[in-house]
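So the structure is just underneath, and the comments pick up after that.
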Amino acid sequence: MTTYRSELIQTLIARGFLHQCTDLGALDAKAAAGPITAYVGYDATADSLHIGNLVSVMMLHWLQKTGHRPITLMGGGTTKIGDPSGRDETRVLVDDDTIRERMASQQTAFRRFLTYDSSATGAILANNADWLDGLQYISFLRMVGPHFTINRMLTMDSVKMRLEREQPLTFLEFNYMILQGYDFVELNKRYGCTLQLGGSDQWGNIVQGVELGRRIGNAELFGFTCPLITTSSGAKMGKSVSGAVWLNGDKFSPYDYYQFWRNTEDGDVIRFMKLFTILPLDEIARLEKLQGAEINEAKKVLALEATTLLHGADAAKDAAETARKTFEQGGIGDDLPTIEIPASELGAGITAFALFVRAGLATSNGEARRLIAGGGAKINDEKCAETTVVNAVGPDGIIKLSAGKKRHVIVKVTG
RNA sequence: GGAGGGAUGGCCGAGCGGUCAAUGGCAGCAGACUGUAAAUCUGCCGGACUUUGUCCUACGAAGGUUCAAAUCCUUCUCCCUCCA
């Protein structure tokens, strides 16, 4: 087995980030010789990053930690085009204001994993709208156009998939890979960036950038991708009982985030620890020895560490404590989602099904009724009937609603 | 431009003019079993309600035929295939 000299490459490989690299040996030599600058691009497809973005953010984190400089490139320009990769339908186009809001909102998560400052390894925030918005069509075409062949572009997975599935690929989207390639060249010129990181679905786009750099900039650029993270049962990662897993706390609470990791499948725990926590590898190796039900201990470590990284130690501890009280003691934790009901309304009595809808545990009265009929609904840990009327709180002044074993909501009374 | 085929619930995909809120599968939710895991089995899976029932909305869009239309007719929109 080849050994690598740079701490960066050693770390990325040991933790399971390597999927493909354009020239691993040369990249290793370069990283060993001195600091390099690398980037990952993020389009403003939502107002928060989600769990799918986390692998690449972790790569940037390790990059910075091993003495190099990360760039988070916001796709202020490319979002207006829409990356066809991994999509079998054209993305809905969004306007400038929305893009600006989303980019700002995404920053909170980045700052948890990266340090932005003016030091040698300080992260840089860039926006490709800065150079893409002002492009002149003809001069741009003359500059990059000769270096792309349609023959080659048609072999790209993102393009092939659309054509094979007989889904339309607009000319607008077809240009995405060219712009992404140009981004790389521009970042190289502005910041001396020589490496682009990304998910395996970005491989085609990244390679285009590497080649474009060699052809028009005479720059030696590198591409490095990480595997697409799926669970061991093959499902794409990112869904939880509460929906999509967002990194912004206001969209997905620290408690939910903790629970997401806590519910990891057995077979994924160690792999996820390497990818999504900064626990030392020897510590992870120790946890790897756990078997059977003991794996739950490893899951708690995973959940606590991952939540600490994103939301801080205090929030993570609170989440862990709430989970412990709720699941191990069948009690009530402080971090459980809470809704408030005016005392007057409660005094008049609220039927059980209506209360579950109020708490967001069911999306319609019918769904709440079905939940109750199926025996999945509990009020203060007691099964209830659809017609049960709730008109008073328990001795501790609250009502605990449960939909299944994992979703709990606390009802507090106001007024 | 010509000829044909298609558009069905989050996705895929059935659907003889009445028994269709629409077979299946996937996804999702709940129950059982467990370890807050996986696998498996069971139930649910458009909405409202006074829930063995009634009403509303829905099979690309708009009209029409009929006691009755996802199913037939007309026009329109979009997609695909073949020919030019």
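Throughout, a chain's letter reflects where its sequence line sits, starting with A, and its residues are numbered from 1. What you see is a predicted model, and the numbers here were worked out from it, not measured in a lab.
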Just to verify, what does [X] make a ring pair (Phe, Tyr, Trp, His ring centres under 6.0 Å) with, not counting sequence neighbours?
X        : result
A:Phe110 : A:Tyr42
A:Phe184 : A:Tyr39
A:Phe140 : A:Tyr182

Pairwise [atom1] distance, [M] and [N] [rounded to whole Å]:
N     : M     : atom1 : result
B:U54 : B:C20 : P     : 14 Å
B:G24 : B:U77 : P     : 37 Å
B:G5  : B:A58 : P     : 28 Å
B:C55 : B:U19 : P     : 14 Å
B:U66 : B:G53 : C1'   : 28 Å
B:G9  : B:C59 : C1'   : 8 Å
B:C44 : B:A61 : P     : 30 Å
B:G64 : B:A3  : P     : 29 Å

Residue pairs passing the ring-ring contact (aromatic ring centres under 6.0 Å, His included) test where at least one lies in [range], sequence neighbours excluded:
range                       : value
residues 386-415 of chain A : A:Phe327-A:His408
residues 372-401 of chain A : none
residues 285-325 of chain A : A:Tyr257-A:His311
residues 343-377 of chain A : none

Handout entry: Over 12 foreign heavy atoms within 6.0 Å of CD, A:Gln329
Key = yes
Nearest whole angstrom, please: distance from the [atom2] of [N] to the [atom1] of [X].
X        : N     : atom1 : atom2 : value
A:Leu371 : B:G28 : CG    : P     : 17 Å
A:Phe353 : B:G47 : CZ    : P     : 14 Å
A:Asp268 : B:A38 : CG    : C1'   : 10 Å
A:Ile372 : B:G43 : CD1   : C1'   : 16 Å

Handout entry: Salt bridge A:Glu367-A:Arg370, side-chain N to carboxylate O under 4.0 Å
Key = no
Problem - Salt bridge present between A:Asp381 and A:Lys378 (N-O < 4.0 angstrom) - result: no
Check nucleotides 51-57 of chain B for protein N or O atoms closer than 3.5 Å to its own N or O atoms and list the pairs.
residue, atom, partner, partner atom, Å
B:U51, O4, A:Arg369, NE, 2.3
B:U51, O4, A:Arg369, NH1, 2.9

Which nucleotide, if any, forms a Watson-Crick or G-U wobble pair with [N], using both distances under 3.5 Å?
N     : result
B:A68 : none
B:U81 : B:A3
B:U40 : B:A32

Problem - Under-4.0 Å side-chain N/O to phosphate OP1/OP2 contact, A:Ser364 with B:G46 - result: no
Could you go over nucleotides 34-36 of chain B and give all protein N or O partners under 3.5 Å, atom names and distances?
residue, atom, partner, partner atom, Å
B:U34, O4, A:Lys405, NZ, 2.3
B:G35, O6, A:Asp266, OD2, 3.3
B:G35, N1, A:Asp266, OD1, 3.3
B:G35, N1, A:Asp266, OD2, 2.6
B:G35, N2, A:Asp266, OD1, 2.5
B:G35, N2, A:Asp266, OD2, 3.4
B:G35, N2, A:Lys299, NZ, 3.0
B:G35, N3, A:Asn296, ND2, 3.3
B:U36, O2', A:Asn263, OD1, 2.3
B:U36, O2, A:Gln259, OE1, 2.8
B:U36, O2, A:Asn263, OD1, 3.3
B:U36, N3, A:Gln259, OE1, 3.3
B:U36, N3, A:Gln259, NE2, 3.4

